[in-house]
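Below is one structure, written out as structure tokens; the observations come after it.
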Amino acid sequence: MRFPEIKLVTACAFALALSACASNSVSEKAVTPAASAPGATEDVGFFVVGDTGYISDQSGITKVANAIAFYCQTALCNFGMMTGDNIYPDGAAGDDGDAAMFQSRFVEPYGPLSALGEDFRIYVGLGNHDWYTSRKGALAQVSFHETTRPFYMDGLFYRATPAGMDGEVELFIVDTEMLLAPERLPDFDEGPNGEMIPNGKTKRGGEEAAIPTTNAERRQVAWLTDALKSSDAKWKIVLGHHPLWQSRADSKYRQSIRLREMLMPALCAHADAYVAGHQHTLELHSDSCTGEAADSSTKPLAHIVSGAGAKQRALDLPFQAWQQTQYPQLNHIWADGDQWGFAYLSIEQDVLEVRMISVDAKGQSKVEKTHVFYNRPG
């Protein structure tokens, strides 16, 4: 794969020296110095950030990108993952105007992370906003990421083994907008206590441009199932734009229900974690994969929502509480809204540690929640 030279321009140019980006400080408790060389399977680290493509005076895109760069100076970052909605409001167009959007959304904020090493990559998925203009525009973004370091795509959905992982970690990126686009989903209203009440209406599940056009696209769920089953990797991480669980009573609720029906059989049988964005929140959940509450013998599926890379959104606490009572398999571990941020995940042997990290208006980051998951069978 050939990567053209890119112009690295950002408000706080990344450097590996600690003197860079001094304003984006991290408390000493928020970082863990790398204990071994990148690629060692007993010590793997990576970040997950989503919904980064919003540009305005209210955007956190530069602050979050700089905070990630600063964090990666002392915490091991073998690779990154970007969960979609990379270009607001309407995605790329597939014409000459795309160059400026690619520069402002990708090259300027995240291109400097190339300094982490020749093999460092940010594995990218598409979100619903990335499909808004046209299929041509979505494919133009894919082409950009396929040919521009440090970004990486290999089609609309794909599997990838990061450099140095030696098959210990494998990534599976799915296009959830494409999965939802052909669907007509039931609509709901929120009741006074956060409960979701069917209103008898239906709405399209996703953008018309994302409706599958080939047999391979129509078989995406089967592809994921086969890919996960055939993988020899110890840790299998799946990325999709839409969350399977989330803390707001809006259209994402019905999307999450349908995606759980589609994806949970494969995830529960073969995956260790599912990471997503779409909601502009930071959230941490697990699913027992049994339909019942987890017990001491259960190794639940990790579920991480990291969609606060440029925009913020409040939580719906009544809905959050109601959802937990309705779905015993869900363990709502932690969530926070109305702030920017990202997730940092590290792997040490059979343990996956997740840190949910906020970024404030000054660009300073703080670890808000740390939680540990364990390697799952299959």
Side-chain angles (χ1 to χ4, degrees), residues 1 50-51 53 81-99 101-102 105-106 122-148 151-160 171-187 202-231 238-244 251-252 254-267 271 274-278:
M1 183 177 293
D51 299 74
M81 303 182 80
M82 191 172 284
T83 65
D85 277 5
N86 310 312
I87 300 176
Y88 282 94
D90 298 322
D95 59 23
D96 292 342
D98 290 345
M101 288 192 290
F102 293 158
R105 270 72 166 187
F106 306 117
I122 301 174
Y123 297 90
V124 182
L126 297 186
N128 54 300
H129 282 267
D130 300 312
W131 280 99
Y132 274 10
T133 295
S134 63
R135 173 174 281 262
K136 180 181 177 183
L139 293 176
Q141 190 181 150
V142 173
S143 179
F144 171 83
H145 293 304
E146 286 181 335
T147 56
T148 309
F151 310 101
Y152 185 98
M153 289 189 79
D154 187 15
L156 293 167
F157 50 95
Y158 60 97
R159 60 194 291 184
L171 311 179
F172 304 82
I173 287 74
V174 295
D175 193 316
T176 51
E177 184 70 6
M178 182 175 287
L179 292 176
L180 290 167
E183 302 282 325
R184 294 294 302 185
L185 302 179
D187 197 23
T202 63
K203 292 184 178 179
R204 180 186 291 277
E207 289 300 303
E208 186 174 359
I211 292 176
T213 61
T214 68
N215 286 335
E217 291 177 356
R218 286 186 282 271
R219 295 189 69 257
Q220 188 182 173
V221 173
W223 167 85
L224 176 64
T225 302
D226 293 343
L228 287 168
K229 187 175 182 179
S230 67
S231 174
V238 179
L239 178 153
H241 178 64
H242 297 75
L244 307 179
S251 62
K252 298 172 181 60
R254 58 189 173 83
Q255 292 173 330
S256 292
I257 292 174
R258 184 67 185 108
L259 284 173
R260 291 199 299 272
E261 295 170 349
M262 293 180 182
L263 298 179
M264 287 301 287
L267 297 177
Y274 180 85
V275 300
H278 200 38

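No experiment lies behind these values; they were computed from the predicted model shown. By convention here, the first residue in the shown sequence is residue 1.
- Side-chain contact check for L267 versus Y274: some heavy-atom pair is nearer than 4.5 Å.
- Between F172 and Y158 the shortest side-chain heavy-atom distance does not fall below 4.5 Å.
- For the atom pair L126 CG and T176 OG1, the distance stands at 9.5 Å (nearest 0.5 Å).
- Between T202 and D187, every side-chain heavy-atom pair lies at or beyond the 4.5 Å cut-off.
- Across all their heavy atoms, F144 and F102 have their closest contact at CD1-CD1, 3.5 Å.
- Here CH2 of W131 is found 13.0 Å from CG of D85. Values are rounded to the nearest 0.5 Å.
- Classified by interplanar angle (parallel below 30°, tilted 30° to 60°, perpendicular above 60°), the ring pair H145/F106 is perpendicular.
- With contacts defined as side-chain heavy-atom distances shorter than 4.5 Å, the pair M101/Q141 does not qualify.
- Counted by atom type alone, T213 and E217 present one or more donor-acceptor pairs between their side chains at under 3.5 Å.
- Looking only at side-chain heavy atoms (C-beta outward), L179 and V221 come within less than 4.5 Å of each other.
- In summary, of the residues considered (T225, L224, D226), a side chain to side chain contact (heavy atoms under 4.5 Å, CB included) with L228 occurs for L224 alone.
- When side chains are defined from C-beta on, W223 counts as touching V174, because their heavy atoms get closer than 4.5 Å.
- By the side-chain hydrogen bond (donor to acceptor under 3.5 Å, both in side chains) test, S230 pairs with R159, sequence neighbours left out.
- Judged purely by distance below 3.5 Å, without hydrogens or angles, the side chains of H278 and D51 never pair a donor atom with an acceptor atom.
- Remark: R218 CZ to M178 CE distance equals 10.5 Å, nearest 0.5 Å.
- Formation of a donor-acceptor pair under 3.5 Å by the D130 side chain with backbone atoms of N86 is found in this model.
- Remark: L180 CG to L259 CG distance equals 4.0 Å, nearest 0.5 Å.
- No side-chain donor from either of H129 and E207 sits under 3.5 Å from a side-chain acceptor of the other.
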